[in-house]
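Accompanying notes for the structure given below.
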Number of protein chains: 2
Amino acid sequence: MAMSYIGSHILDRELKKGSAELLILSLVEDQPRHGYDIGNLIEQRSEGVLRFNVASLYPLLYRLEKRGWIQGRWVEKAGQRRRRYYRLTPEGKKVLAAQRNSWREFVEAVNRITGIEHA
Amino acid sequence: MAMSYIGSHILDRELKKGSAELLILSLVEDQPRHGYDIGNLIEQRSEGVLRFNVASLYPLLYRLEKRGWIQGRWVEKAGQRRRRYYRLTPEGKKVLAAQRNSWREFVEAVNRITGIEHA
DNA sequence: GGACTATATGTCGCTTAGTAATATATGGCT
DNA sequence: AGCCATATATTACTAAGCGACATATAGTCC
C-alpha cells in the first residue's frame, strides 16, 4: 500500500547514509568516544530523528579507522565491558572540514531546487 | 591513498541517494517534465553540485511512477525523439509535503550534532 | 558522405552499504 | 532466575547507485 510510504521512512533511511561519516567525525572531534556512546549521542541529540543500527555503526567505524581518519584504542575497566575509544586523527580533521563544506553546499543546492527556505 | 577522499566524493555520492526523490517530486510539482530535462535542471540549478546518472535517474522515475507518486505519458513530436513527461499525482503531492518536512527535520538534526550553524 | 555532438530513453553487471537477526560478555535490578 | 542496559561483533539478505554500453533522431562541421 503506497500510503505506507508517507512519513518518508525511505527518505530518512537513505539520507542517513551520506551523513553518517560527518556525524561520527564531528562527535569524536573534541574528545575520544566509543561506538555505543556515539550511537546514543546521535539518537539523543537528534531527538530520535537519526538512529544508528549497530550493524551499520561498527563497520562504519572500522572503515573510518582503516582510512586513517579516526584512531581507536581499547580501554578496559573493572566492572565494565571493554570499550574501543576513537579519536580524530590529523587527517580526519582535514576530512571533517571538507565534509562540513560539502554538507553546506549540498543542503544549499537541495534547498534551491526544492524551494525550501531556511529561516 | 587516503588523501584522495578529501573533497568528499563519497559523502556527495551518498547524500544524493536520499534526496533524489525529493528533488524529482519538487521539479514536477508545478509542471510536467521529462527525465532528461529533470537531470539537466538538477545539474544546472545546483551549479554542478548535484548530478544524476542516467542509470539512476530512469529507474528512479519508474519506481516513483509504480508507487503512484508521479504519472508519466509519452509525447511524440516531429523532429524529436519521444519524451515521457511526468506529472505529480495527488498522492505524490502528499508525499512531497511529508518529504519536505523530513528533509527540514533531518537537516536540523545533522546541523545540531555536527555543530553547523545556518545563517 | 562521414564524424561528431546534443537530445532522449533504456539496461546489464558490479559493487557498496544498510538492516534484521543473532551472538557474546558483564553487571545491576527485581 | 529473568530481564534490561551496556558494549562490541558478524552473517545473510536486500536495495540501489554507477560505469559502460545500447538505441534512436536531428543538426553541425569538414
Side-chain angles (χ1 to χ4, degrees), chain A residues 4-5 8-24 27-28 32-44 49-67 70 72-86 106, chain B residues 4-5 8-24 27-28 32-44 49-67 70 72-86 106:
Chain A
S4 65
Y5 284 113
S8 304
H9 300 298
I10 289 178
L11 184 76
D12 293 344
R13 175 164 45 81
E14 296 302 316
L15 280 171
K16 270 191 297 184
K17 294 182 190 180
S19 56
E21 295 180 5
L22 174 60
L23 292 170
I24 291 177
L27 285 174
V28 298
R33 293 187 190 277
H34 58 97
Y36 193 78
D37 186 27
I38 291 171
N40 284 337
L41 276 175
I42 288 175
E43 188 166 346
Q44 287 162 20
V49 174
L50 307 172
R51 195 166 297 152
F52 251 110
N53 190 305
V54 289
S56 298
L57 178 57
Y58 290 109
L60 182 48
L61 288 169
Y62 308 151
R63 287 202 297 275
L64 296 181
E65 184 168 21
K66 202 176 172 188
R67 288 180 201 153
I70 59 177
R73 87 174 222 279
W74 285 109
V75 175
E76 313 225 17
K77 267 190 194 165
Q80 224 175 39
R81 206 190 185 296
R82 60 173 192 169
R83 295 167 170 174
R84 189 161 177 86
Y85 280 84
Y86 295 94
F106 172 74
Chain B
S4 66
Y5 284 112
S8 304
H9 302 299
I10 288 178
L11 183 76
D12 293 343
R13 175 162 47 82
E14 295 303 314
L15 281 170
K16 271 191 296 185
K17 293 184 190 178
S19 57
E21 296 180 4
L22 174 59
L23 292 171
I24 290 177
L27 285 174
V28 298
R33 293 188 191 276
H34 58 97
Y36 193 79
D37 187 27
I38 292 171
N40 284 336
L41 276 174
I42 289 176
E43 188 166 344
Q44 286 162 19
V49 173
L50 308 171
R51 195 167 300 152
F52 250 111
N53 190 305
V54 289
S56 299
L57 177 58
Y58 291 109
L60 182 48
L61 287 170
Y62 309 149
R63 287 203 298 275
L64 296 181
E65 183 168 22
K66 201 176 174 187
R67 288 179 201 153
I70 60 176
R73 86 174 222 281
W74 286 110
V75 175
E76 312 225 18
K77 266 190 194 165
Q80 221 175 41
R81 205 192 186 292
R82 59 175 194 168
R83 296 167 170 174
R84 189 161 177 87
Y85 280 85
Y86 294 94
F106 173 74

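Chain naming here is simple, since letters A, B, ... match the order of the sequence lines and numbering starts at 1 in each.
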Open item on the list: On a heavy-atom basis, which atom in A:Ser19 and which in B:Phe106 lie closest, and how many Å separate them?
Closed with: OG-CZ, 3.4 Å
- [ ] Apply side-chain hydrogen bond (donor to acceptor under 3.5 Å, both in side chains) to A:Glu65 and list each qualifying residue two or more places apart in sequence or on a separate chain.
- [x] A:Arg84
TODO: Could you please spell out the steps behind the side-chain contact (heavy atoms from CB on, under 4.5 Å) verdict for A:Tyr36 and A:Phe52?
DONE: CA-CA 10 Å; A:Tyr36 193 78; A:Phe52 251 110; over 6 Å; no
Task: ring pair (Phe, Tyr, Trp, His ring centres under 6.0 Å) partners of A:Tyr85, counting only residues at least two apart - done: A:His34
I'd like a list of close polar pairs between nucleotides 9-12 of chain D and the protein, N/O only, cut-off under 3.5 Å.
residue : atom : partner : partner atom : Å
D:dA9   : OP2  : A:Tyr62 : OH           : 2.6
D:dA9   : O5'  : A:Tyr62 : OH           : 3.1

Open item on the list: Nearest 0.5 angstrom please: A:Leu23 CG to A:Ile42 CD1, how far?
Closed with: 4.5 Å
Task: Nearest-angstrom distance from the residue atom CD1 of B:Ile38 to P of C:dT7 - done: 16 Å
TODO: Using the salt bridge (Lys or Arg N to Asp or Glu O under 4.0 Å) rule, collect all pairs that involve residues 35-44 of chain A, keeping only residues at least two apart or in two chains.
DONE: A:Arg33-A:Asp37, A:Glu43-A:Arg51
- [ ] Could you check how far OH of B:Tyr36 sits from C1' of D:dA24, rounded to whole Å?
- [x] 14 Å
- [ ] Would you kindly give the CG-to-C1' distance between A:Asn40 and D:dT8, to the nearest whole Å?
- [x] 13 Å
Task: Sequence-distant partners of B:Arg81, side chain to side chain contact (heavy atoms under 4.5 Å, CB included), two or more places apart - done: none
TODO: Rounded off to whole Å, could you give me the CZ-to-C1' distance for the A:Arg63 and D:dT8 pair?
DONE: 16 Å
Open item on the list: Can you work out whether B:Lys77 or A:Arg81 has the more 5'-proximal nearest nucleotide on DNA chain D?
Closed with: A:Arg81
Task: For atom CG of A:Leu61 and atom C1' of C:dA17, their distance in whole Å - done: 15 Å
Task: Atom of B:Leu61, atom of B:Ile70 and distance for their closest heavy-atom approach - done: O-CD1, 3.7 Å
- [ ] Measure the distance from CZ on B:Arg73 to P on C:dT9 and round it to the nearest whole Å.
- [x] 13 Å
Task: Bracket string, DNA chain D, 5' to 3' - pairs by Watson-Crick or G-U geometry under 3.5 Å, | interstrand - done: ||||||||||||||||||||||||||||||
TODO: Would you mind reading off the distance between B:Phe52 atom CZ and D:dG17 atom P, rounded to a whole angstrom?
DONE: 7 Å
Open item on the list: Quick check: do B:Leu57 and B:Ile24 have side-chain heavy atoms less than 4.5 Å from each other?
Closed with: yes
- [ ] Grab the CD-C1' distance between B:Glu21 and D:dG17 for me, whole Å please.
- [x] 13 Å
